[in-house]
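When reading the values below, keep in mind they use all heavy atoms of this one structure, side chains included, and skip hydrogens, waters and symmetry mates.
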Amino acid sequence: MKPLEILVAIPRWVKATPDQILDSPAFALPCRLGEEQVSLRLGAVQPGDTLDLSILFGDEQHLLRLARSPHFPELDKLWDNRAEVPEPILLALVEKECGPLFQLLENAVRRQLRLVGLAEPSASDARIVSAQVNDIVFSLTRSDTVTAAFGNLRHIDFTSSELRAETFSALTEYAAFAIAPADLASLSVGDALLVPEIGSVPPRLVVDGRFVVDETGVSPFADDGRCRVVAAEPCTVSLGDLLDAAENPRRVEGEASGQLRLTQGGKTVARGRLDRLGEQPAFIVESPTP
């Protein structure tokens, strides 16, 4: 599975609305600012002293509030006195210096952007999103159009520490095999089930009942009805671990030792330990579960 496929398989992410995705600390929309590859991210705070512009995406009016930035050197020089600059001259300077930003926004929203003019001093918008691209900080009307374009799972940064910290319960699986229903129902203390896979086949992790992690990477988990010998206690796996395993598959380490469980369909059938019968490893039943 690829990182995006893993994310889509997690309920809270596949059900996330565009607003929720946009509000995530992991939001990072890849885009270009001129010739530079950059990421558009949420701004830490909404800028205060701004140049307020009225723009159109297609035929929808939006408010764009630009904060002072060294990225716009000529605009920066007259920033403190911009109220004294005739509007046509100020807008011409904005068009010249902010062109790459306008193109970035046009590409991100996927609608033609047109600068209408300066916004009225009283212009406000109850729904606003603050964003940042390098040293450019701005606020933009959080319309349905903008939210739908920005709030896509493709715009999640898989290197985000907040994203990678999410954890899941996982079981180490040492063997899987079929048992006749009658034999399974008759298990009693002291019974032994041969498990030749243990020691010869690497263990694998079953994460959240949704993913399998093994030496091939990460794949969807499918319960085929077989019995499974697993560790008695679950371990914790982070989303970062899953993403790393998908990108760089490696063997799951861990030996079957101590207490083990025999499960079927996610339910414990018996508890026991690993022992040997002759040359073969075996699961010794210590406590069958009705």
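- For Gln37, the CD atom sits in a packed shell: over 12 heavy atoms of surrounding residues, nucleotides or ligands are nearer than 6.0 Å.
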Q: Take Val85 and Leu93 through the side chain to side chain contact (heavy atoms under 4.5 Å, CB included) test and state the conclusion after the steps.
A: CA-CA 11 Å; Val85 180; Leu93 184 57; over 6 Å; no
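- If you take SG on Cys31 and CD on Gln103, they are separated by 11.5 Å, rounding to the nearest 0.5 Å.
- The shortest heavy-atom contact between Ala176 and Glu197 is O-OE2, 3.1 Å.
- For Glu162, the CD atom is densely surrounded, since the number of other residues' heavy atoms within 6.0 Å is greater than 12.
- Closest non-hydrogen pair, Ala282 versus Ala192, comes out as CB-CB, 4.3 Å.
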(Q) Show, in sequence, the C-alpha distance, side-chain angles and deciding distance for Thr147 and Asp144, and conclude whether the side-chain hydrogen bond (donor to acceptor under 3.5 Å, both in side chains) test is met. (A) CA-CA 5 Å; Thr147 302; Asp144 291 343; 5.5 Å; no
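- The existence of a salt bridge linking Glu74 and Lys96 is excluded, since no basic side-chain nitrogen approaches an acidic carboxylate oxygen closer than 4.0 Å.
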(Q) If you apply the rule side chain to side chain contact (heavy atoms under 4.5 Å, CB included), what do you find for Leu187 with Leu193, and how did you get there? (A) CA-CA 10 Å; Leu187 283 179; Leu193 300 173; 4.2 Å; yes
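- Cluster annotation: Trp79 and Phe72 are assigned to the same hydrophobic cluster (Ile/Leu/Val/Met/Phe/Trp/Tyr, side-chain heavy-atom contacts under 4.5 Å, transitive).
- Ile198 and Val206 are not part of a single hydrophobic cluster, where members link through side-chain heavy atoms under 4.5 Å apart.
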Q: Under the side chain to side chain contact (heavy atoms under 4.5 Å, CB included) rule, what do Arg82 and Leu51 come out as? Steps first, then yes or no, please.
A: CA-CA 9 Å; Arg82 64 186 184 278; Leu51 176 61; 4.1 Å; yes
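- Note on Leu184: it does not cluster hydrophobically with Leu194, by side-chain heavy-atom contacts below 4.5 Å among ILVMFWY residues.
- Put simply, the side chain of Val229 reaches to within 4.5 Å of the side chain of Leu262, judged on heavy atoms.
- The shortest distance between side-chain heavy atoms of Pro73 and Glu97 falls below 4.5 Å.
- Between the CG atom of Leu274 and the CD atom of Gln259 there is a distance of 11.0 Å, given to the nearest 0.5 Å.
- Two residues are said to be in side-chain contact when any heavy atoms from C-beta on lie closer than 4.5 Å; Gln264 and Cys227 meet this criterion.
- Going from atom CZ of Phe27 over to atom CZ of Arg41 covers 9.5 Å, rounded to the nearest 0.5 Å.
- Within a 6.0 Å sphere centred on CZ of Arg276, other residues, nucleotides and ligands contribute more than 12 heavy atoms.
- In terms of modelled atom types and a separation under 3.5 Å, the side chain of Thr50 and the main chain of Asp52 share no donor-acceptor contact.
- Atom SG of Cys98 is separated from atom CG of Leu66 by 5.0 Å, given to the nearest 0.5 angstrom.
- Side-chain N or O atoms of Arg261 include one that pairs as donor or acceptor with a backbone N or O of Ala232 at under 3.5 Å.
- No side-chain heavy atom of Glu173 sits less than 4.5 Å from a side-chain heavy atom of Pro203.
- Heavy-atom contacts from other residues, nucleotides or ligands closer than 6.0 Å to CD of Gln20 number more than 12.
- Side chain of Thr263 to backbone of Gly266: no donor-acceptor contact under 3.5 angstrom is found.
- Side-chain contacts under 4.5 Å among hydrophobic residues (ILVMFWY), followed directly or transitively, place Val8 together with Met1, Leu4, Ile6, Leu7, Ile10, Trp13, Val14, Ile21, Leu153, Ile156, Phe158, Leu163, Phe168, Leu205, Val207, Phe211, Val213, Val218, Val237, Leu239, Leu242, Leu243, Val252.
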Q: Under the salt bridge (Lys or Arg N to Asp or Glu O under 4.0 Å) rule, what do Arg271 and Glu286 come out as? Steps first, then yes or no, please.
A: CA-CA 6 Å; Arg271 295 182 180 274; Glu286 294 182 330; over 6 Å; no
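- The two atoms that bring Ala28 and Pro30 nearest to each other are O-CD, 3.2 Å, heavy atoms only.
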**Q.** Worked check of side chain to side chain contact (heavy atoms under 4.5 Å, CB included) between Tyr174 and Val201
**A.** CA-CA 8 Å; Tyr174 300 106; Val201 177; over 6 Å; no
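- Scanning all heavy atoms of the two residues, the minimum distance from Asp135 to Gln132 falls at CA-NE2, 4.5 Å.
- Linking Ile, Leu, Val, Met, Phe, Trp and Tyr residues whenever their side-chain heavy atoms come within less than 4.5 Å leaves Leu101 and Leu63 in two separate clusters.
- Few gaps surround CG on Asp223; more than 12 heavy atoms of other groups in view lie less than 6.0 Å from it.
- The existence of a salt bridge linking Asp19 and Arg142 is confirmed by a sub-4.0 Å separation between a basic side-chain nitrogen and an acidic carboxylate oxygen.
- Clustering of Ile, Leu, Val, Met, Phe, Trp and Tyr by side-chain heavy atoms under 4.5 Å joins Leu171 with Val230.
- For the pair Gln61/Ser54, a side-chain contact is recorded, criterion being any heavy-atom separation below 4.5 Å from C-beta on.
- Side-chain contact between Pro249 and Thr216 is absent, with no heavy atoms from C-beta onward closer than 4.5 Å.
- Ile128 contributes atom CD1, which lies 5.5 Å from atom OG of Ser139 (distance to the nearest 0.5 angstrom).
- Heavy atoms only, all atoms of each residue included: Glu5 and Lys2 are closest at OE1-N, 2.7 Å.
- In terms of heavy atoms, Leu40 sits closest to Ala131 at CD2-CB, 3.8 Å.
- Rounding to the nearest 0.5 Å gives a distance of 7.0 Å between CD1 of Ile55 and OG1 of Thr141.
- A 4.5 Å side-chain heavy-atom check between Asp80 and Arg68 finds at least one atom pair inside the cut-off.
- Residues His71 and Asn134 are not in side-chain contact: their nearest non-hydrogen atoms beyond the backbone lie 4.5 Å or more apart.
- In terms of hydrophobic clustering, with Ile, Leu, Val, Met, Phe, Trp and Tyr side chains grouped at heavy-atom distances under 4.5 Å, Val116 and Leu113 are assigned to different clusters.
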